[in-house]
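Read the structure below first, then the notes.
Just follow the structure's listing: the first ligand is 1, and inside any ligand the first atom is 1. All of these numbers come straight from a predicted model, not from anything done at the bench. Basis for what follows: all heavy atoms, side chains included, without hydrogens, waters or symmetry-related copies.
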Amino acid sequence: MRNERILVTRSSLPPFEEYVEEIRSVFESHWLTNMGEKHRILEGELKRFLNAEHLCLFQNGHLALEMSLQAMGIQGEVITTPFTFASTTWAILRAGCKPVFCDIDPVNYTLDPEQVEARITERTTAILPVHVYGHLCNVEALKEIADRRHLKLIYDAAHAFGVRYRGKSAACFGDLSMYSFHATKVFHTIEGGAVTFRDPELEDRLFRIKNFGIQENVTYGVGGNAKMNEFEAAMGICNLRHLEEEIRRREQRYLRYMKWLRGIEGITVSEIPEETESNYAYFPVLFDAERFGESRDAVCERLNRNEIYPRKYFWPCTNAFDFQKEFRDPESGAPQFCPEETPIAARVSSQVLTLPIYASLPLEAVDKICTCILEGRRASG
Ligand SMILES: Cc1ncc(COP(=O)(O)O)c(C=O)c1O
């Protein structure tokens with residue numbers, strides 16, 4: 001193995017000729033965006049692949065979520081997890097709602113249903129959990145709460161493309177699920193995203209909101225611009241053909257990591273739960289400084305010195321950014337963001353490193369990364 005920098009991820013690409021062939025008709029038609037042929041084909045293929053009743057493509061996952069909250073008329077308080085990428089929380093805030101943070105399950109790091117109920121008030125309108133790292137939430141318990149309390153259940157499924165539970169894709173759970181097709185994801189369209197949903201009435205509303213409020217030359221209301229273009233849709237059509245191989249190769253890397261790291265004192269790795277097909281999108285590892293003998297930050301620094309760049313993903317939690325410290329709730333005057341309310345999320349966030357994983361990562365690179373991690377333990381022990 002050459003001594004190259006190993007980054008946390010590397011975007012997959014289809015063969016160059018395959019993509020060029022796919023965009024030939026775009027060059028011929030000069031139809032570059034505005035829901036063209038590639039957009040239509042990709043929507044159909046994704047709908048089938050995800051077993052979605054309805055699906056709408058977007059320019060990215062963030063706008064897909066933000067605009068979906070608006071299109072669904074979500075207002076007031078939204079119960080959510082702080083252990084996620086900032087986008088989830090910002091979508092709630094930018095849609096004019098208040099995020100109410102609830103702690104996570106210590107094993108799979110998703111929203112803990114047992115703690116959701118206590119956060120529901122008369123202002124709560126929705127629950128917005130995240131299938132973080134592609135770990136599916138406790139979908140059954142969350143559905144039971146949402147149904148009983150008449151709340152919308154909206155999933156951030158940005159990490160969960162291709163994940164299945166009891167044979168059902170993540171798109172089959174909740175009222176709506178948002179997928180990100182960002183270049184770093186298991187399946188990507190360079191930039192892109194989609195939502196899958198149940199309510200047929202949302203179809204037109206979502207179309208309009210991503211297209212300036214316009215449909216068939218009639219302006220129905222106020223909207224933004226979040227259309228996926230034809231070059232991105234063409235990339236998605238190509239990448240979908242290679243998805244199976246992409247996931248298979250990621251699984252090999254996952255298994256290699258597990259061989260090295262499973263059962264090591266002070267290290268927690270994520271097992272694939274029963275009846276779940278994973279997409280192996282991420283490889284999160286928690287370091288317990290006392291039991292492992294070294295903190296997450298010390299491990300990360302040594303990896304960086306060896307040209308290996310994992311990510312502290314997600315650190316800090318989305319209720320713990322420095323700039324939020326002064327924010328006060330307009331009504332009560334209490335701190336608006338309070339990381340102490342979600343201690344498990346805070347702990348996981350302080351211990352986690354997501355290690356490099358992608359289809360073209362050489363298996364020897366996994367060996368090198370793990371050797372480097374475990375060297376620290378021996379040195380300190
Ligand atoms: C959990 C989560 N939600 C939302 C997003 C936003 O998706 P996008 O980058 O496609 O806007 C991401 C991003 O990558 C994410 O990781």
Side-chain angles (χ1 to χ4, degrees), residues 7-12 42 46 50 55-70 78 80-95 97 99 101-102 104-105 108-111 126-137 154-163 170-171 173-174 176-196 206 209-210 224-229 232-233 235-236 239 270 279-284 310-319 321 342 345 348-349 352-354 357-358:
L7 304 181
V8 70
T9 192
R10 187 164 191 257
S11 298
S12 293
L42 183 63
L46 289 176
L50 295 169
L55 182 142
C56 184
L57 287 174
F58 278 85
Q59 177 53 41
N60 56 60
H62 176 83
L63 285 173
L65 186 57
E66 192 176 307
M67 291 186 170
S68 294
L69 294 172
Q70 292 166 337
V78 176
T80 191
T81 166
F83 189 65
T84 181
F85 184 52
S87 169
T88 318
T89 302
W90 297 172
I92 295 170
L93 284 164
R94 287 172 56 86
C97 302
F101 294 104
C102 176
I104 58 172
D105 177 283
N108 82 348
Y109 318 138
T110 61
L111 196 67
I127 307 174
L128 205 168
V130 180
H131 299 304
V132 66
Y133 304 132
H135 299 171
L136 290 194
C137 298
I154 299 163
Y155 281 108
D156 179 333
H159 297 177
F161 193 85
V163 179
F173 307 111
L176 179 141
S177 297
M178 175 280 282
Y179 288 91
S180 164
F181 304 151
H182 182 256
T184 53
K185 298 292 189 275
V186 171
F187 166 78
H188 77 85
T189 59
I190 310 172
E191 289 275 3
V195 293
T196 57
L206 287 168
I209 206 163
K210 73 171 177 185
N225 180 6
K227 306 184 296 293
M228 178 181 285
N229 71 48
E232 291 167 329
M235 180 61 81
N239 280 338
S270 291
N279 62 2
Y280 307 98
Y282 298 90
F283 196 90
R311 271 187 76 186
K312 297 174 190 177
Y313 196 59
F314 303 96
W315 179 81
C317 285
T318 67
N319 58 357
F321 289 107
T342 52
V348 172
S349 173
V352 73
L353 266 190
T354 53
I357 189 163
Y358 47 89

Can [X] be said to touch ligand 1, with heavy atoms closer than 4.0 Å?
X: A91; result: no
X: M178; result: yes
X: Y313; result: yes

May I ask you to test the [X]-[Y] pair for a side-chain heavy-atom distance under 4.5 Å?
X: N239; Y: T189; result: no
X: V132; Y: Y282; result: no
X: Y313; Y: V8; result: no

Heteroatom proximity flag, D156 to ligand 1, N/O under 3.5 Å: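 Yes, since at least one N or O of D156 sits under 3.5 Å from an N or O of ligand 1.
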Polar proximity ligand 1 side, S180 side, N/O cut 3.5 Å exclusive: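 It does: an N or O of S180 is found under 3.5 Å from an N or O of ligand 1.
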Considering only non-hydrogen protein atoms, determine which one is nearest to [atom] and report residue, atom name and distance to 0.1 Å.
atom: atom 14 (O) of ligand 1; result: K185 NZ, 2.7 Å
atom: atom 16 (O) of ligand 1; result: H159 NE2, 2.8 Å
atom: atom 4 (C) of ligand 1; result: S87 OG, 3.3 Å
atom: atom 12 (C) of ligand 1; result: F85 CD2, 3.5 Å
atom: atom 11 (O) of ligand 1; result: H62 N, 2.8 Å

Residues F173, Y155; criterion ring-ring contact (aromatic ring centres under 6.0 Å, His included); working and verdict: CA-CA 8 Å; F173 307 111; Y155 281 108; 7.2 Å; no
Exercise: do T110 and H135 side chains pair donor with acceptor under 3.5 Å: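 Result is no, nothing qualifies.
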Polar contact flag, side-chain donor to acceptor under 3.5 angstrom, N225-K227: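 Short answer, yes.
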Sole candidate of T84, T80, T89 that passes side chain to side chain donor-acceptor pair (under 3.5 Å) when paired with T318: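 Testing each of T84, T80, T89 against T318, the sole residue satisfying side chain to side chain donor-acceptor pair (under 3.5 Å) is T89.
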Atoms in ligand 1 with a heavy atom of T88 nearer than 4.0 Å: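 Counting atoms of ligand 1 from 1, those under 4.0 Å from T88 are 3 (N).
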